[in-house]
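A, B, ... follow the sequence lines: proteins, then strands. Residue 1 opens every chain. Computed from a predicted structure; not experimentally measured.
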There are 2 protein chains.
Amino acid sequence: MNLDVVYSILTKNDYKLTKQRKVLIDIFIKKRDLFLSVEDIQKEINKIGINLDLSTIYRNLAVLEDSNLVCKIQNGNSNLYKIRTMKKHHHHLICKKCGKAVSFEYCPTDTFVRIAEENGYTFTDDKIELYGYCNNCKNNL
Amino acid sequence: MNLDVVYSILTKNDYKLTKQRKVLIDIFIKKRDLFLSVEDIQKEINKIGINLDLSTIYRNLAVLEDSNLVCKIQNGNSNLYKIRTMKKHHHHLICKKCGKAVSFEYCPTDTFVRIAEENGYTFTDDKIELYGYCNNCKNNL
DNA sequence: AATATAAATGCGAATGATTTGCAATAAGAG
DNA sequence: CTCTTATTGCAAATCATTCGCATTTATATT
């Protein structure tokens with residue numbers, strides 16, 4: 001998922017390539033492995049001497065979500081975002097300390113469908129999140 | 001998970017059995033299969049002619065969580081709660097329409113541990129949520 | 001390159017969920 | 001029955017997120 005691909009997807013979906021949007025995407029690419037809070041994102045943007053209004057960030061996160069360019073997970077009472085690096089259906093293994101994530105494909109869908117059916121449900125979708133401590137963090141908790 | 005067990009766990013943990021707490025527990029037992037929003041809970045309580053302040057409900061949800069008596073899942077920008085009916089480690093299959101949930105034990109923990117290790121992570125915990133439509137809801141979407 | 005137009009921005013205010021401070025009340029130990 | 005401390009209800013605060021609106025800007029079109 002590089003800049004050009006992201007830009008062309010947005011353009012294809014009739015979204016303008018604004019300065020703000022580009023800045024946000026830059027941050028996501030720079031931090032491609034991390035799940036970031038909205039606050040993290042704003043701080044990262046501030047670090048490069050720019051400020052985007054929170055409403056702008058939120059609106060652009062919605063745009064990126066709409067174009068399937070980011071993954072979103074819920075954390076406490078807020079959300080975390082990460083640029084999507086894997087096209088296929090996948091899930092995440094996330095570091096509880098730093099938010100570093102690994103995407104993985106493993107998904108026992110057949111079993112999930114079976115569990116649903118056994119209970120009279122029609123299966124629609126699954127969510128798996130694995131948590132742990134990454135290489136770096138496990139050594140300095 | 002019946003009333004007496006819940007009461008004795010709370011008592012063991014030095015929580016008082018207040019009128020409000022009992023009312024909340026009654027609702028959870030009556031709706032034992034459903035994930036309820038805080039609003040749902042308050043409405044159910046109102047149905048029996050009682051009103052509990054939202055802060056009281058929230059504080060008691062925290063108490064029940066602390067004693068491991070409820071399961072909590074995030075839904076949009078709020079939380080849903082259900083009385084815990086399965087002691088062991090488990091996950092949920094949840095109806096997207098009515099919130100009816102089934103607890104199931106299946107969990108490929110070994111695989112999760114392996115995925116974590118392969119990526120240099122120390123595994124700590126997993127979350128699986130399955131979504132679909134239950135028997136009743138799938139016929140009248 | 002200049003213009004038109006619809007989308008996007010920044011700001012401030014609104015919303016919704018949840019939490020908190022505090023004075024009044026009630027549970028349960030003795 | 002009394003005392004102590006947790007718990008409650010209320011109002012206000014907080015936090016994350018969304019919205020209205022006037023202004024600005026990206027980009028399609030002249």
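Remark: E39(B) CD is loosely packed, at most 12 non-hydrogen atoms of other residues, nucleotides or ligands lying under 6.0 Å away. No more than 12 heavy atoms of other residues, nucleotides or ligands shown are found within 6.0 angstrom of NZ on K43(B).
Fit an axis to the five pairs at each end of the helix from dA1(C)-dT30(D) to dG30(C)-dC1(D) and the two axes sit 40° apart, to the nearest 10 degrees.
Under the 3.5 Å distance criterion, the side-chain polar atoms of K97(A) are left unmatched by any main-chain donor or acceptor of G132(A). Remark: the backbone N or O of N60(B) is not paired with any side-chain donor or acceptor of R21(B) at under 3.5 angstrom. No donor-acceptor pair closer than 3.5 Å links the side chain of S67(B) to the backbone N or O of L64(B).
Criterion: ILVMFWY side-chain heavy atoms under 4.5 Å apart, direct or through other members. Under it, V102(A) and Y133(A) are not part of a common hydrophobic cluster.
In this structure the side chain of Y106(A) never reaches within 4.5 angstrom of the side chain of H90(A), judged on heavy atoms. Between L24(A) and Y81(A), every side-chain heavy-atom pair lies at or beyond the 4.5 Å cut-off. Between L10(B) and V63(B), the closest side-chain pair of non-hydrogen atoms falls below 4.5 Å.
The CG atom of L130(A) lies 13.0 Å from the SG atom of C95(A); values are rounded to the nearest 0.5 Å.
For F35(A), the ring pair (Phe, Tyr, Trp, His ring centres under 6.0 Å) partners two or more places apart in sequence, or in a different chain, are H92(A).
Below 30°, between 30° and 60°, or above 60°: for F104(A) and H91(A) the angle between ring planes is between 30° and 60°, a tilted geometry.
Salt-bridge formation is detected for the pair D125(B)/K96(A): a Lys NZ or Arg NE/NH1/NH2 atom is positioned less than 4.0 Å from an Asp or Glu carboxylate oxygen. A salt bridge is absent between R114(B) and E117(B); no separation between the charged side-chain nitrogens and carboxylate oxygens falls under 4.0 Å. With respect to D33(B) and K82(B), no salt bridge is recorded, no charged nitrogen being found less than 4.0 Å from a carboxylate O.
The stretch residues 12-28 of chain B touches DNA chain D through Y15(B), K16(B), T18(B), Q20(B), R21(B), each having a heavy atom under 4.0 angstrom from the strand. For DNA chain D, the residues of residues 35-51 of chain A within the heavy-atom distance limit of 4.0 Å (strictly under) are V38(A), sorted by number.
Using a 4.0 Å heavy-atom distance criterion, S55(B) is classed as a base contact.
The nearest heavy atom of DNA chain D to N77(B) and to V63(B) marks one nucleotide each, and the one closer to the 5' end goes with V63(B).
Contact footprint of chain B on DNA chain D: nucleotides with an atom under 4.0 Å from a non-hydrogen protein atom, first to last in 5' to 3' order, dT5(D) to dC10(D). The span of DNA chain C lying next to chain A, judged by atoms under 4.0 Å from heavy atoms, is bounded 5' to 3' by dA6(C) to dC11(C).
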